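The structure appears right after this line, and notes come after that.
Side chains are part of it too, since the values below use all heavy atoms of this structure and drop only hydrogens, waters and symmetry mates. First the proteins, then the strands, lettered A, B, ... as listed; each starts at 1. The shown structure was predicted, so the numbers you read here are calculated from the model rather than taken from an experiment.
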Amino acid sequence: MFGLVDCNSFFVSCERVFNPALHNKPVIVLSNNDGCVISRSKEAISLGIKMGQPVFKIMDFIRENGIQVFSSNYILYGDMSDRVMETLRACAPSIEIYSIDEAFLNLDSIDNSNLKKYGEELASIVKRNTGIPVSIGISHTKTLAKVASKLGKKYPKLNGSCFMQEDCDIRKVLKVFPVGDVWGIGREHGKMLNQNKIMTAYDFSMASSEWVKKKMSVVGLRTWLELRGIPSISFEDSIHIKKQICTSRSFSHELNDIEELSQAVATFTTYSAEKLRKQDSVCSSIQIFILTNQYKEKISQYFRSIIVTLDTPTDSTLILVKAALSGLCKIYKSECMYKKAGVVLLDISKKNDTPGNIFCDHNAAKHSMLMETLDGLNLRYGRDTLVTAAQGIESIKAFSNHLSKRYTTCWDDIIEVNI
DNA sequence: TCTGGGGTCCTAGGACCC
DNA sequence: TCTGGGGTCCTAGGACCC
């Protein structure tokens with residue numbers, strides 16, 4: 001049996017833990033630059049606010065309805081996520097962290113007759129330990145557990161836990177579950193299925209496997225099998241190494257100056273390299289991309305990316321920044337106004353498995369020591385305490401006008417709160 | 001004025017190899 | 001004049017997730 005634990009309105013719930021006045025009020029959390037809505041409380045959902053809605057379009061509505069607005073505070077959310085995951089790890093046989101607010105549980109070692117109660121207790125322990133409300137779904141496959149967790153969220157009388165075991169019960173649920181809401185079926189496939197008169201998860205599970213494979217590849221077929229109760233998506237409890245690491249941002253205003261753009265790209269590269277070292281890996285190529293504002297139809301549009309291949313796999317910020325800037329120079333066009341840029345580290349491998357290049361010695365040992373010192377200082381004194389010159393002193397600031405305190409991680413913020 | 005960011009996997013088609 | 005067949009690797013693009 002698999003369980004899926006899903007934090008309810010996670011970012012909003014994090015804000016509420018430290019600001020109880022927000023309970024029972026409509027609350028939303030915004031994306032970077034205060035652009036879109038990315039988390040909504042139940043109350044905000046019932047007012048009709050949609051996920052991903054641009055905020056500037058609903059400014060008046062927000063004011064008229066007294067909706068509380070927060071910029072995203074990822075340091076706080078990341079720390080709260082760690083607390084939730086720690087609690088789950090202590091209570092469940094094994095867990096797979098699936099996203100910042102979700103984890104799968106492998107419940108094979110727990111007696112089926114106790115699972116309903118187990119789910120309810122787990123939900124209440126997480127709430128008690130962390131303040132975060134969760135919904136738990138339990139069933140034969142990951143996909144069915146996802147379905148169950150949505151039911152758990154929808155019906156308060158289930159106490160946050162929905163256990164789906166019997167075939168007849170599962171069938172009953174799937175017959176009213178919209179196919180587009182199934183995990184693994186997105187907008188495009190949802191539309192295609194509806195056009196083929198497949199409206200519910202049950203309809204989908206009754207289609208032929210050949211048809212599903214032809215229309216939706218093996219990925220769709222796996223979802224089909226899972227809905228029929230056959231586990232087809234593996235459970236991965238070991239820490240997985242990322243195969244790509246990307247850092248990208250939209251700018252609060254458009255940039256044209258190559259100097260400013262270079263500083264942004266250097267900063268994104270620095271952040272990516274930090275993530276790379278954190279998982280003990282090296283990479284051997286880096287992609288850089290820049291683009292104009294696609295929402296402005298009048299200006300000429302430009303999107304380009306370039307991949308720079310390195311002589312030797314590395315985790316050194318200095319080498320990566322140099323490579324990134326050389327790539328940027330090749331794709332930069334002076335007549336464009338840039339709204340967004342980013343870098344992606346590619347060809348990632350474990351540091352110890354990687355052979356060196358005898359023809360190109362970057363003084364790897366020196367770089368390693370320098371990076372260790374750099375990471376140590378930035379961990380101790382805060383991000384960007386020590387930066388490369390290429391990042392510049394004044395980094396490009398994002399709009400974040402409704403930011404809450406870093407309640408759980410930042411001493412300065414706590415002092416400020418107390419005063 | 002203002003429209004997020006970070007990932008994964010699969011497939012098709014081209015380049016290239018022997 | 002006749003011009004194969006089987007395989008791998010890479011990339012771009014599309015679909016999906018949160």
Side-chain angles (χ1 to χ4, degrees), chain A residues 4-11 28-39 50-60 62 69 71-74 77-78 81 96-104 142-143 146 149-150 179-193 213-223 232-234 236 240-254 268 271-272 275-276 279 284-285 287 289 291-299 303-307 309 337 339-348 398-402:
Chain A
L4 186 267
V5 182
D6 189 345
C7 301
N8 301 342
S9 310
F10 182 56
F11 297 168
I28 56 176
V29 175
L30 310 183
S31 65
N32 207 0
N33 283 320
D34 292 345
C36 299
V37 178
I38 54 170
S39 180
K50 298 275 180 292
M51 197 69 175
Q53 210 163 25
V55 174
F56 74 93
K57 288 187 178 169
I58 52 169
M59 270 310 188
D60 292 340
I62 287 171
V69 179
S71 303
S72 37
N73 185 344
Y74 286 106
Y77 310 151
S81 173
E96 173 193 336
I97 298 174
Y98 177 65
S99 73
I100 194 166
D101 71 333
E102 277 180 63
F104 286 105
K142 282 179 158 184
T143 306
K146 276 270 204 180
S149 82
K150 289 200 181 180
V179 70
D181 292 350
V182 173
W183 181 51
I185 296 177
R187 216 181 8 203
E188 294 305 311
H189 284 152
K191 221 189 299 171
M192 182 277 294
L193 291 169
K213 167 110 196 260
K214 195 175 110 210
K215 291 286 199 180
M216 300 166 68
S217 86
V218 297
V219 185
L221 193 60
R222 267 181 222 139
T223 300
S232 308
I233 300 173
S234 59
E236 292 174 27
H240 74 282
I241 300 293
K242 281 181 199 139
K243 296 167 186 167
Q244 299 178 8
I245 291 173
C246 170
T247 306
S248 76
R249 295 281 185 283
S250 297
F251 306 125
S252 49
H253 60 278
E254 277 125 24
F268 302 157
Y271 291 168
S272 296
K275 296 181 207 168
L276 184 69
Q279 64 168 38
S284 53
S285 59
Q287 179 176 36
F289 62 87
L291 59 152
T292 48
N293 190 342
Q294 49 181 324
Y295 295 102
K296 285 193 178 163
E297 287 169 4
K298 283 174 219 149
I299 65 167
F303 171 87
R304 271 226 41 207
S305 74
I306 187 170
I307 295 177
T309 307
M337 298 299 289
K339 177 65 178 167
K340 182 174 179 177
V343 304
V344 191
L345 306 184
L346 304 163
D347 298 322
I348 291 175
F399 281 131
S400 193
N401 291 328
H402 311 275

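- At whole-Å resolution of the value, CG in A:Asp34 and P in B:dT3 are 10 Å apart.
- Taking the nucleotide of DNA chain B with the nearest heavy atom to each of A:Lys213 and A:Pro54, the more 5' of the two is matched to A:Pro54.
- Close to B:dG6, at under 4.0 Å from its OP1 or OP2, lies a side-chain N or O of A:Arg249.
- Of the side-chain N and O atoms in A:Asn33, none sit less than 4.0 angstrom from OP1 or OP2 of B:dG4.
- Distance, A:Ile348 CD1 to B:dG7 P: 8 Å, rounded to whole Å.
- Using Watson-Crick or G-U wobble geometry with both donor-acceptor distances under 3.5 Å, B:dG5 finds its partner in C:dC18.
- Listed nucleotides: B:dT11, B:dG6, C:dC17. Nearest to the side chain of A:Val218: B:dT11.
- Taking atom CZ on A:Phe289 and atom P on B:dG7, their separation rounds to 11 Å, with Å as the unit.
- Across all strands shown, A:Ile185 has heavy atoms under 4.0 Å from sugar-phosphate atoms exclusively, and none from any base.
- Nucleotides B:dC17 and C:dG4, compared at atom C1', are 14 Å apart to the nearest Å.
- In this structure, CD1 of A:Ile307 is placed 10 Å from C1' of C:dA12, rounded to the nearest angstrom.
- Among the nucleotides B:dG4, B:dG7, C:dC16, the one closest to the side chain of A:Glu188 is C:dC16.
- Using a 4.0 Å heavy-atom criterion, one finds that A:Gln53 contacts no nucleic acid atom at all.
- Map A:Glu254 and A:Arg222 each onto its nearest nucleotide of DNA chain B; the residue landing nearer the 5' end is A:Glu254.
- Taking the side chain as every heavy atom from C-beta outward, A:Met216 and A:Met192 approach each other to under 4.5 Å.
- Ring planes of A:Tyr74 and A:Phe11: perpendicular class, angle over 60° (limits at 30 and 60°).
- Judged by distance alone, the side chain of A:Ser272 and the main-chain N or O of A:Phe268 form a donor-acceptor pair under 3.5 Å.
- Phosphate contact (OP1/OP2 of C:dC16, side-chain N/O of A:His189, threshold under 4.0 Å): present.
- The shortest distance between the side-chain N/O atoms of A:Lys340 and the OP1/OP2 oxygens of B:dT3 is not below 4.0 Å.
- When the side-chain nitrogen and oxygen atoms of A:Ser248 are compared with OP1 and OP2 of B:dG6, one or more of them lie within a distance under 4.0 Å.
- Proximity note for A:Lys275 (side chain, C-beta onward) versus B:dT11, C:dC17, B:dG6: the nearest is B:dG6.
- Distance A:Leu345 CG to B:dG6 P: 12 Å, rounded to the nearest Å.
- Of the candidate nucleotides C:dC18, B:dC10, B:dT3, B:dT3 has the atom nearest to the side chain of A:Phe56.
- Atoms OH (A:Tyr77) and P (B:dG5) sit 15 Å apart, rounded to a whole Å.
- In this structure, A:Glu96 contributes its side chain and A:Glu236 its backbone to a donor-acceptor pair below 3.5 Å.
- Considering only side-chain atoms of A:Tyr98, the nucleotide from B:dT3, C:dC16, C:dC17 that sits closest is C:dC17.
- Per the geometry, CG belonging to A:Leu291 stands 12 Å off P belonging to B:dT3, to the nearest Å.
- At a threshold of 4.0 angstrom between heavy atoms, the contacts of A:Val182 are confined to the sugar-phosphate backbone, with no base atom among them.
- Side-chain atoms of A:Asp6 never come within 3.5 Å of backbone atoms of A:Ser149 as a donor-acceptor pair (strictly under, hydrogens ignored).
- Spacing between atom CE of A:Met51 and atom C1' of B:dT3 amounts to 15 Å, rounded to whole angstrom units.
- Distances were taken from every side-chain heavy atom of A:Cys246 (C-beta onward) to each of B:dC10, B:dG6, C:dC18; the shortest belongs to B:dG6.
- In this structure, of C:dC18, B:dG5, B:dT8, it is B:dG5 that holds the atom nearest to the side chain of A:Asn32.
- Counting any heavy atom pair closer than 4.0 Å across all strands shown, A:Lys296 reaches sugar-phosphate atoms only and no base atom.
- Put simply, the side chain of A:Leu193 does not reach to within 4.5 Å of the side chain of A:Lys215, judged on heavy atoms.
- Using a 4.0 Å cut-off, some side-chain N or O of A:Lys243 falls inside it from OP1 or OP2 of B:dC9.
- When heavy atoms are screened at a 4.0 angstrom cut-off, A:Ser72 is found touching no nucleic acid atom at all.
- Between the side chain of A:Lys142 and the backbone N or O of A:Ser234 there is at least one donor-acceptor pair closer than 3.5 Å.
- Closest approach to the A:Ile245 side chain among B:dT3, B:dG7, B:dC2 is made by B:dG7 (side chain taken as heavy atoms from C-beta onward).
- In terms of phosphate contacts, A:Ser250 brings no side-chain nitrogen or oxygen within less than 4.0 Å of OP1 or OP2 of B:dT3.
- An OP1 or OP2 oxygen of C:dC17 is reached within less than 4.0 angstrom by no side-chain nitrogen or oxygen of A:Lys146.
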